[in-house]
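Here is the structure we will look at, set down as structure tokens.
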Amino acid sequence: MRLTAGSVRFLNEEVRAPRRLPEVDSIEFLSEAGDLVELLMEEWEGSTLPCCGGNYYGWTLLSVSRNGWMSSPDGDEFICIAENQYAPCAIVLRRDGRVGVSWSGEYLDMFADFAEFMETVTLWSTMRGWTAMESAGLRFSDAVEVISRGRAHPVTGGSTTRWVRFDDAAVLEEPYLTGSSGRPPRIHVVVADTELPARSGFVESDPNAKFSTIGRGFPELPPRWV
């Protein structure tokens, strides 16, 4: 699970750690769950990651649970590896390397692996100052089709949580953390041009869409994690 150059820059420049981490030009997280847990405990324990949007907005603390591995009612074996300052659920690693969340002992799938989780957190940091439109009334494919007009060379990523990014625009799709199958995934259209959502017809398609500026009013690191 090798991280992209953008994620390596993010880890070098924006992650806060209880001890100074060595600057690196390449990071590869181990794919075997047991080895990854050991790596997180030895090198990343207590580190905090800023995320400027989406499900993991705010700060996320990397901290492996000392309670060890647990099993869900459906037989998923997982371990808690992180917590977010606002989301009242644990971020967990499943035995097969996938990453999800757990509210009260269940496992809800979110990412193919830990690197995909990190790439999603990183993506938001690359779009500070852009305008974000959050909608539950758009389809991912429709939003990508509109945003891609006149743009080339997209960067794509993700699986359950997925995204398409251009130089000045991006579309992200993420399931709700509650895992409700009856709710459509949340779509984020993020653009450098503040007038693009209106020109593209997105506003008319969902009058209940929420708008924000990425990074504006970002919270301070919680005192309990300093």
Side-chain angles (χ1 to χ4, degrees), residues 1 3-18 21 27 29 36 40 44-64 80-93 98-103 108-136 140 155-165 169-179 185-192 210-226:
M1 295 184 289
L3 296 183
T4 63
S7 290
V8 172
R9 180 206 58 78
F10 170 80
L11 290 173
N12 283 330
E13 298 179 4
E14 301 196 39
V15 168
R16 299 190 186 182
L21 297 171
I27 296 176
F29 286 108
L36 175 58
L40 292 176
W44 297 94
E45 181 71 22
S47 297
T48 48
L49 320 173
C51 183
C52 292
N55 282 339
Y56 308 94
Y57 177 80
W59 292 90
T60 291
L61 172 72
L62 296 180
S63 182
V64 177
C80 300
I81 59 169
E83 61 177 297
N84 178 267
Q85 73 176 112
Y86 295 127
C89 55
I91 300 170
V92 302
L93 175 72
R98 296 191 69 88
V99 172
V101 299
S102 180
W103 295 82
L108 301 173
D109 195 51
M110 296 290 158
F111 300 97
D113 52 38
F114 185 73
E116 191 174 285
F117 165 71
M118 291 297 301
E119 295 286 357
T120 299
V121 171
T122 300
L123 180 63
W124 286 101
S125 76
T126 68
M127 302 185 293
R128 287 189 180 93
W130 292 15
T131 296
M133 186 188 86
E134 178 187 320
S135 170
F140 181 75
V155 176
T156 63
S159 51
T160 303
T161 303
R162 54 180 176 164
W163 65 89
V164 175
R165 191 194 191 286
V171 180
L172 301 90
E173 178 186 70
E174 58 181 2
Y176 284 89
L177 291 177
T178 54
R186 186 161 41 196
I187 303 297
H188 302 275
V189 178
V190 190
V191 294
K210 301 176 183 178
F211 289 85
S212 62
T213 300
I214 301 299
R216 179 177 294 174
F218 191 76
E220 295 292 330
L221 183 67
R224 67 184 185 277
W225 293 347
V226 173

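These numbers come from a predicted model, not from an experiment.
Checked against salt bridge (charged side-chain N to carboxylate O under 4.0 Å, His left out), R9 has the following partners two or more places apart in sequence or in another chain: E13, E14. With sequence neighbours left out, R224 forms a side-chain contact (heavy atoms from CB on, under 4.5 Å) with Q85, P222. W163 meets the ring pair (Phe, Tyr, Trp, His ring centres under 6.0 Å) test with no other residue; sequence neighbours excluded.
Relative orientation of the Y86 and Y57 rings is parallel, given thresholds of 30° and 60° on the angle between their planes.
Among all heavy-atom pairs drawn from A17 and S47, the shortest one is CB-OG, 3.6 Å. In plain terms, the two heavy atoms of W103 and T178 that are nearest each other are NE1-CA, 3.9 Å. In terms of heavy atoms, L62 sits closest to A82 at CD2-CB, 3.9 Å. Closest non-hydrogen pair, A169 versus V191, comes out as CB-CG1, 4.0 Å. Shortest non-hydrogen contact noted between R98 and S159 is NH2-OG, 4.0 Å. When all heavy atoms of C80 and A90 are compared, the pair lying nearest together is SG-CB, 3.8 Å.
Proximity of I214 to H188: side-chain heavy atoms (C-beta onward) are nowhere separated by under 4.5 Å. Residues R165 and T126 meet the side-chain proximity criterion, which asks for heavy atoms closer than 4.5 Å. Within the 4.5 Å cutoff, no side-chain heavy atoms of F117 are placed close to those of T161. You'll find the side chain of R128 reaches within 4.5 Å of the side chain of C52, heavy atoms only. Within the 4.5 Å cutoff, no side-chain heavy atoms of F111 are placed close to those of T160. With a 4.5 Å cut-off on side-chain heavy atoms, W44 and V64 do not count as touching. Residues I91 and V99 are in side-chain contact: their nearest non-hydrogen atoms beyond the backbone lie under 4.5 Å apart. The shortest side-chain heavy-atom distance between F218 and P50 falls under the 4.5 Å cut-off.
Here the CD1-CG distance, from I81 to L40, works out to 6.0 Å after rounding to the nearest 0.5 Å. For the atom pair CE of M133 and OG of S212, the computed distance is 11.0 Å after rounding to the nearest 0.5 Å. The structure places CZ of R162 at 4.0 Å from CD of E173, a figure rounded to the nearest 0.5 Å. Residue W225 holds its CH2 atom at 8.0 Å from OG1 of T48, rounded to the nearest 0.5 Å.
Considering L49, T60, V101, N55 as possible partners of N84, the one that fulfils the side chain to side chain contact (heavy atoms under 4.5 Å, CB included) test is T60.
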side-chain contact (heavy atoms from CB on, under 4.5 Å) assessment of L123 paired with F10: CA-CA 9 Å; L123 180 63; F10 170 80; over 6 Å; no
Pair I187-V171, side-chain contact (heavy atoms from CB on, under 4.5 Å): steps then yes or no: CA-CA 7 Å; I187 303 297; V171 180; 4.1 Å; yes
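Between the side chains of S63 and E45, a donor-acceptor pair is found at a separation under 3.5 Å.
No donor-acceptor pair under 3.5 Å is formed between the side chain of S125 and the backbone N or O of V121.
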